[in-house]
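When a residue number appears, it is its place in the shown sequence, counting from 1.
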Amino acid sequence: MNEANVEKIDKIIADLGANYREKDYEVLHEILEEISSIASDISNRKKDDEELFPYVKKAVKAIYLTRGAEGLQSRNEGSISSSYEDIIEKLRNDIIKSGLRRIR
């Protein structure tokens, strides 16, 4: 794992705060790698492009926090209702709307 990824993961962990479990470091690294790759494909930029990181960080946190609820669009328990958005679709839209997509 390179130093840049360690720094990025540390920033994500800081944002997650109490929602982060110490034993999930490797899980977070795998999610970061996957989302960075997807963001790179969407934007036609390099995986380590710093301009993508705010969008990647947001998507990584969302995926980390919704683990175990994959495939659900909504959930109701008692009087509490939760709705889930397509994280990858939101990532794609955010990258395109912000003008970070490069045309080849």
[X] versus [Y], closest heavy-atom pair with distance:
| X | Y | result |
| --- | --- | --- |
| Leu91 | Ala59 | CD1-CB, 4.3 Å |
| Val60 | Leu32 | CG2-CA, 3.8 Å |
| Lys8 | Lys47 | NZ-O, 4.4 Å |
| Val56 | Ser36 | CG1-OG, 3.7 Å |

Side-chain donor/acceptor of Ser37 to backbone N/O of Glu34, under 3.5 Å: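 Judged by distance alone, no pair lies under 3.5 Å.
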Say whether, by atom type as modelled, one donor and one acceptor occur between the side chain of Arg101 and the main chain of Ile42 under 3.5 angstrom.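 Yes, because the side chain of Arg101 sits within donor-acceptor range (under 3.5 Å) of the backbone of Ile42.
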Any side-chain heavy-atom pair of [X] and [Y] under 4.5 Å:
| X | Y | answer |
| --- | --- | --- |
| Ser43 | Leu52 | yes |
| Ile103 | Asn44 | no |
| Tyr64 | Arg21 | yes |

Apply salt bridge (Lys or Arg N to Asp or Glu O under 4.0 Å) to residues Lys90 and Asp86 and explain how you reach the verdict. CA-CA 6 Å; Lys90 178 160 178 33; Asp86 184 345; over 6 Å; no
How far does CD1 of Ile63 sit from CD1 of Ile87, to the nearest 0.5 angstrom?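 The CD1 atom of Ile63 sits 5.0 Å away from the CD1 atom of Ile87.
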When you look at Val6 and His29, which way does the side chain to side chain contact (heavy atoms under 4.5 Å, CB included) test go after all the steps? CA-CA 8 Å; Val6 170; His29 174 68; over 6 Å; no
More than 12 heavy atoms of other residues, nucleotides or ligands under 6.0 Å from CD of Glu89: yes or no?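 Atom CD in Glu89 is crowded, with more than 12 foreign heavy atoms closer than 6.0 Å.
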Between Ile88 and Leu65, is there a shared hydrophobic cluster once you connect ILVMFWY residues whose side-chain heavy atoms come closer than 4.5 Å?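 Both belong to a single hydrophobic cluster.
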Indicate every side-chain donor-acceptor pair of residues 9-20 with a distance under 3.5 Å to a residue at least two apart or in another chain.
| residue | atom | partner | partner atom | Å |
| --- | --- | --- | --- | --- |
| Asp15 | OD2 | Lys57 | NZ | 3.0 |
| Asp15 | OD2 | Lys61 | NZ | 3.1 |
| Tyr20 | OH | Glu22 | O | 3.4 |
| Tyr20 | OH | Tyr25 | N | 3.2 |

Show your reasoning for whether side chain to side chain contact (heavy atoms under 4.5 Å, CB included) applies to Ile35 and Tyr55. CA-CA 9 Å; Ile35 296 302; Tyr55 305 99; over 6 Å; no
Tell me every residue that passes salt bridge (Lys or Arg N to Asp or Glu O under 4.0 Å) with Glu51, counting only those two or more places apart in sequence or in another chain.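 Partners of Glu51 by the salt bridge (Lys or Arg N to Asp or Glu O under 4.0 Å) criterion, ordered by chain and then number, come out as Arg45.
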